[in-house]
Number of protein chains: 2
Amino acid sequence: MEPETLQLQGRLSDRGSWTATRCSIDAALGVVGTRSALLLMREAFYGTRRFDDFAHRVGITEAVAAARLKELVDAGLLSRAPYREPGQRTRYEYVLTEMGRDLAPAALALMQWGDSWLTGEAGPPLALTHAGCGAPVAVEVRCAEGHEVPLGETAVDVRRRVRPA
Amino acid sequence: MEPETLQLQGRLSDRGSWTATRCSIDAALGVVGTRSALLLMREAFYGTRRFDDFAHRVGITEAVAAARLKELVDAGLLSRAPYREPGQRTRYEYVLTEMGRDLAPAALALMQWGDSWLTGEAGPPLALTHAGCGAPVAVEVRCAEGHEVPLGETAVDVRRRVRPA
DNA sequence: CTTCTGACTATGGCCAACCAAAGTCACCCG
DNA sequence: CGGGTGACTTTGGTTGGCCATAGTCAGAAG
């Protein structure tokens, strides 16, 4: 009985001859591969927008918050937008872009994994539900036909280059 | 028009009074929060089992591979099992545990995000399909009723402590 | 025109993660 | 019993992410 892993196909099946020179996981880690970056994104998902709130709620210094927020804005996950409260001067707030919002499944998957395996007796700290119907929310791996796909039934192949240049 | 964020409920709705002291994302990062740890897990999903293969395919030094693999075994994501090829002495291989396998959605979500936003013109390097039906595979956020749940329709609340001790 | 506040920047130091290169160790083979 | 090999360990050094403390800066408020 083999353990469950991805099924490598095509060029990949000779695994020895292949190393992942272009890997999207690695690329993603280049952008959100630090604790502070991902926790800042978590705060953004919670609706945080202002500099001081980011720094204090994540529990990092303002220096780190400034550096990391700048990186996230440069990378396109957040945008820096002017705003002003009445009788206050113009300030800037950090708002999720589509790119940033699209990271949510990854963050939630990580949270779900932590909930399942790392919380011990206390259980998950937070519960997610669908605001529409009240049912609990989960991250799932599915195919376009709607089947839930376990790791062992997932086939991987190198993609043909879309534009051969 | 508000931007899409999570809907905070219960104690959380007064966001100012709350900081995520117990956060499963943070906890998860404590285990797989480094580049090498997550890439080693990627290799394990690809079916890699042997020390040298891990080190070479991830592109890290043997020293780092040894340290990180030890951590992953200690944390319970991999298990170190003896094996022997005929006419060879006994060696050890690193095999995914259920805990490790369960991390796959998070890794795939990260890969999917990288595919969508970071690959530029070349497009995603790899394609995932369901081995059963051939349909493309994706990571999705869904509720138990089967609805796909966007960020803005996701409600978050603090869970009642399962065991009040 | 001074004070206060929110949003940063600057300085200095620590530690964890990484790399490169070399060494160890337990076999199995000839 | 000398070599080869896979699986590590050791050493030494660099970088990057983090912290704490202190400083800057723009613009209402008084």
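Note on naming: letters A, B, ... go to the chains in the order of the sequence lines (proteins, then strands), and numbering restarts at 1 for each one.
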field: V139(B): which of L110(B), L108(B), L128(B) passes side chain to side chain contact (heavy atoms under 4.5 Å, CB included)
entry: L108(B)
Between [N] ([atom2]) and [X] ([atom1]): distance, integer Å:
| X | N | atom1 | atom2 | value |
| --- | --- | --- | --- | --- |
| D52(B) | dT9(D) | CG | P | 13 Å |
| E62(A) | dA22(D) | CD | P | 13 Å |
| R91(B) | dA26(C) | CZ | P | 13 Å |
| L72(A) | dG17(D) | CG | C1' | 14 Å |
| R80(A) | dA7(C) | CZ | P | 11 Å |
| R57(B) | dA7(D) | CZ | P | 11 Å |
| Y94(A) | dG6(C) | OH | P | 15 Å |
| L40(B) | dA7(D) | CG | C1' | 15 Å |

Please determine if a side-chain N or O atom of [X] lies less than 4.0 Å away from the OP1 or OP2 oxygen of [N].
| X | N | answer |
| --- | --- | --- |
| Y92(A) | dA26(D) | no |
| K70(B) | dT9(D) | yes |
| Y83(A) | dG6(C) | no |
| R50(A) | dA7(C) | yes |
| R49(A) | dG6(C) | no |

message: Ignoring hydrogens, what is the shortest heavy-atom contact between F45(A) and T5(B)? Give both atom names and the distance.
response: O-CB, 3.2 Å
field: More than 12 heavy atoms from other groups under 6.0 Å of CD on E98(A)
entry: no
Could you list the donor-acceptor pairs under 3.5 angstrom formed between side-chain atoms of residues 51-67 of chain A and any protein atom two or more places apart in sequence or on another chain?
{"residue": "H56(A)", "atom": "ND1", "partner": "D52(A)", "partner atom": "O", "Å": "3.1"}
{"residue": "R57(A)", "atom": "NH1", "partner": "T48(A)", "partner atom": "OG1", "Å": "2.9"}
{"residue": "T61(A)", "atom": "OG1", "partner": "V64(A)", "partner atom": "N", "Å": "3.4"}

task: Say whether V95(B) and L77(B) are linked into one hydrophobic cluster, either directly or through other cluster members, by side-chain heavy-atom distances under 4.5 angstrom.
output: no
field: Sidechain-backbone polar pair: E71(B) side chain, V31(B) backbone, donor-acceptor under 3.5 Å
entry: no
Which nucleotide in dA7(C), dA20(D), dC19(C) has an atom nearest any side-chain atom of A63(A): dA20(D)
task: Among the candidates dA20(D), dG6(D), dC19(C), find the nucleotide nearest to the side-chain atoms of T61(A).
output: dA20(D)
Report each atom pair, protein N/O against N/O of nucleotides 12-17 of chain C, whose distance is under 3.5 angstrom.
none

field: 5′-ward residue of the pair D53(B)/G59(A) relative to DNA chain D
entry: D53(B)
- prompt: How is F54(B) classified with respect to the nucleic acid when contacts are heavy atoms under 4.0 Å: base, sugar-phosphate, or nothing?
  reply: nothing
query: Would E43(A) and R50(A) pass as an ion pair if we require N to O under 4.0 Å?
result: no
